[in-house]
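Below is one structure, written out as structure tokens; the observations come after it.
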Number of protein chains: 2
Amino acid sequence: MVFSTTTQYALKILAYMNEHKERLCSAKTLSEELDIPYKYLTKIMTKFTKNEMIESIQGRYGGFKLIDSKIITIYDILKLCDGDSAKACIIGKIECNEKKKCHYHDAWQKPRASIKKDFLDADLKSCGVKDS
Amino acid sequence: MVFSTTTQYALKILAYMNEHKERLCSAKTLSEELDIPYKYLTKIMTKFTKNEMIESIQGRYGGFKLIDSKIITIYDILKLCDGDSAKACIIGKIECNEKKKCHYHDAWQKPRASIKKDFLDADLKSCGVKDS
DNA sequence: TTCAAATACTACTTCTTAGTGGTAATTAAA
DNA sequence: TTTAATTACCACTAAGAAGTAGTATTTGAA
Ligand code: SF4
Ligand code: SF4
């Protein structure tokens with residue numbers, strides 16, 4: 001069970017942007033600072049821009065920045081990069097519910113619930129500060 | 001965040017074998033019953049056999065069976081198929097500890113702990129029956 | 001208006017995982 | 001001892017994710 005390379009990159013990128021939200025971050029800077037292949041990074045950035053997770057400013061002196069009003073959770077990031085993880089269930093991929101459930105359902109319930117809840121709670125700007 | 005196809009197959013296979021532990025399960029049967037490509041399945045089975053997760057009996061009327069004395073947890077299965085998931089951390093892959101931790105560490109702690117604990121607790125034969 | 005530095009777009013290559021094919025080795029029943 | 005059904009082994013193909021290359025487009029400063 002792993003997070004894809006793309007997801008890991010995305011998480012690192014957004015964390016960095018959050019720590020430098022006073023300025024625009026260029027792909028070049030992000031690539032160098034975070035040690036992510038430049039061309040691969042620009043692909044991800046375009047994707048995030050298209051999905052309105054971030055804002056891009058084109059042309060010279062352009063770059064990327066977070067949208068102040070927008071809340072981005074870890075869950076949103078996973079969803080965009082790897083697909084909705086907690087939705088279609090993993091162990092089995094069978095049609096199932098509480099009545100018709102696979103052998104591992106009960107064991108999977110807590111981890112899955114935790115992933116969903118804690119990643120939905122965790123918005124980028126105040127990551128992990130919530131104490132429920 | 002996903003479980004690999006191999007992991008999903010493995011989980012299904014072992015669950016089926018557990019439900020039919022009174023008899024040997026042939027690759028042919030498993031392939032047909034669980035709708036897993038025959039050749040791919042035999043690869044997995046050989047791997048599991050080599051790692052002494054299960055026992056194989058060769059020759060005509062042969063097949064596979066669980067080892068009675070052996071406890072297999074979901075965690076063991078994940079580990080064998082996808083690598084030790086909870087060990088090398090996911091969000092970041094950086095050198096880290098409680099003192100030097102990435103932006104997402106706190107948010108990731110609960111899900112990670114749950115995956116580790118609940119999947120280690122969940123042995124194949126009595127999956128999900130533990131109430132902690 | 002020019003130009004350099006930035007994002008956007010399209011297409012390709014490389015690497016890993018998933019899946020296939022053929023055959024050898026094994027084994028118990030007939 | 002023969003034989004058919006089974007696992008084990010080796011090498012290949014297909015598909016998808018990761019990474020690369022080149023170029024078009026955008027834009028603000030000089
Ligand atoms: S029964 Fe539960 S664990 Fe199994 S596939 Fe469905 S939702 Fe997932
Ligand atoms: S700081 Fe925590 S969450 Fe981040 S990579 Fe390390 S162990 Fe994982």
Side-chain angles (χ1 to χ4, degrees), chain A residues 1-13 17 20 23-67 77-78 80-83 85 90 93, chain B residues 1-13 17 20 23-67 77-83 85 88 90 93:
Chain A
M1 194 217 49
V2 283
F3 294 90
S4 70
T5 303
T6 300
T7 294
Q8 293 174 230
Y9 286 168
L11 289 167
K12 284 169 78 175
I13 292 166
M17 287 174 71
H20 299 83
R23 64 171 169 80
L24 248 49
C25 296
S26 73
K28 184 163 178 285
T29 304
L30 291 168
S31 166
E32 286 167 356
E33 290 294 315
L34 302 173
D35 197 35
I36 297 171
Y38 175 79
K39 283 288 189 178
Y40 199 83
L41 182 137
T42 58
K43 235 188 213 171
I44 297 173
M45 298 314 279
T46 302
K47 185 177 180 179
F48 270 74
T49 302
K50 278 190 174 168
N51 281 274
E52 295 176 328
M53 302 281 268
I54 58 175
E55 203 174 322
S56 81
I57 287 145
Q58 290 190 30
R60 194 172 187 179
Y61 310 105
F64 301 93
K65 65 171 183 177
L66 296 176
I67 301 166
I77 303 169
L78 294 189
L80 185 56
C81 297
D82 281 358
S85 37
I90 329 215
K93 263 183 184 166
Chain B
M1 195 215 52
V2 283
F3 294 90
S4 71
T5 303
T6 300
T7 295
Q8 292 174 228
Y9 286 167
L11 288 166
K12 284 169 78 175
I13 292 165
M17 288 175 71
H20 299 84
R23 64 172 170 81
L24 249 47
C25 297
S26 73
K28 184 162 178 287
T29 304
L30 291 168
S31 166
E32 285 167 357
E33 290 293 317
L34 302 173
D35 197 35
I36 297 171
Y38 174 80
K39 282 289 188 178
Y40 198 83
L41 183 138
T42 58
K43 234 187 213 171
I44 298 172
M45 299 313 280
T46 302
K47 185 178 179 179
F48 270 74
T49 302
K50 278 190 173 166
N51 282 274
E52 295 176 328
M53 301 281 270
I54 58 175
E55 202 174 325
S56 81
I57 288 143
Q58 290 190 29
R60 195 172 188 177
Y61 309 105
F64 302 93
K65 65 171 183 177
L66 296 177
I67 301 166
I77 303 168
L78 293 189
K79 195 166 161 182
L80 184 56
C81 297
D82 280 357
S85 38
I90 327 214
K93 261 185 183 165

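Using a 4.0 Å heavy-atom criterion, one finds that B:Ser26 contacts the sugar-phosphate atoms exclusively. The residue B:Phe64 sits close only to the backbone: its heavy atoms come under 4.0 Å of sugar-phosphate atoms, none of a base.
From A:Ile77, atom CD1 reaches atom CZ of A:Phe3 across 11.0 Å, with rounding to the nearest 0.5 Å. To the nearest 0.5 angstrom, B:Phe64 atom CZ is 7.5 Å from B:Thr42 atom OG1. Note that NZ of B:Lys79 and CG of B:Asn51 are 11.0 Å apart. Values are rounded to the nearest 0.5 Å. Put simply, OG1 on A:Thr6 and CG on A:Leu41 are 11.0 Å apart, with the number rounded to the nearest 0.5 Å. Atom OG1 in B:Thr46 sits 8.5 Å away from atom CD1 in B:Ile54 (nearest 0.5 Å). The line from SG of A:Cys81 to CD1 of A:Ile44 is 6.5 Å long, rounded to the nearest 0.5 Å.
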When you compare the protein's N or O atoms with those of nucleotides 22-24 of chain D, which come within less than 3.5 Å of each other, and at what distance?
residue	atom	partner	partner atom	Å
D:dG22	N7	A:Lys39	NZ	3.0
D:dG22	O6	A:Lys39	NZ	2.3

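Think of the region where chain B sits on DNA chain C: with heavy atoms and a 4.0 Å cut, that region ends 5' and 3' at C:dA18 to C:dA29.
Nucleotide D:dT7 holds its C1' atom 13 Å from the CE atom of B:Met17, rounded to whole Å. Residue A:Tyr38 contributes atom OH, which lies 13 Å from atom P of D:dT20 at whole-angstrom precision. Following rounding to the nearest Å, A:Leu24 (CG) and D:dT27 (P) show an atom-to-atom distance of 13 Å. At whole-Å resolution of the value, CD in A:Gln8 and C1' in D:dG19 are 15 Å apart. The nearest whole Å value for the distance from the CG atom in A:Leu41 to the C1' atom in D:dA21 is 16 Å.
Summary of the strand contacts: A:Lys43 and A:Gly62 both lie near DNA chain C, and taking for each the nucleotide with the nearest heavy atom, the more 5' one is attributed to A:Gly62.
B:Met17 places a side-chain heavy atom less than 4.5 Å from the side chain of B:Met45. Taking 4.5 Å as the limit, every side-chain heavy atom of A:Tyr9 sits out of range of all side-chain heavy atoms of A:Leu34.
Annotation: proximity of residues 45-59 of chain A to DNA chain D (heavy atom, distance under 4.0 Å) is found for A:Gln58, A:Gly59, numbered in ascending order.
Judged by distance alone, with hydrogens and angles left aside, the side-chain atoms of B:Ser31 form a donor-acceptor pair with the main-chain N or O of B:Ile36 at under 3.5 Å. At least one donor-acceptor pair closer than 3.5 Å links the side chain of B:Lys47 to the backbone N or O of B:Leu80.
Distance from the side chain of A:Tyr61 is smallest to D:dG28 among D:dG28, D:dA18, D:dG19.
When every heavy atom of A:Leu24 is checked against every heavy atom of A:Gly63, the shortest pair comes out as CD2-N, 3.8 Å.
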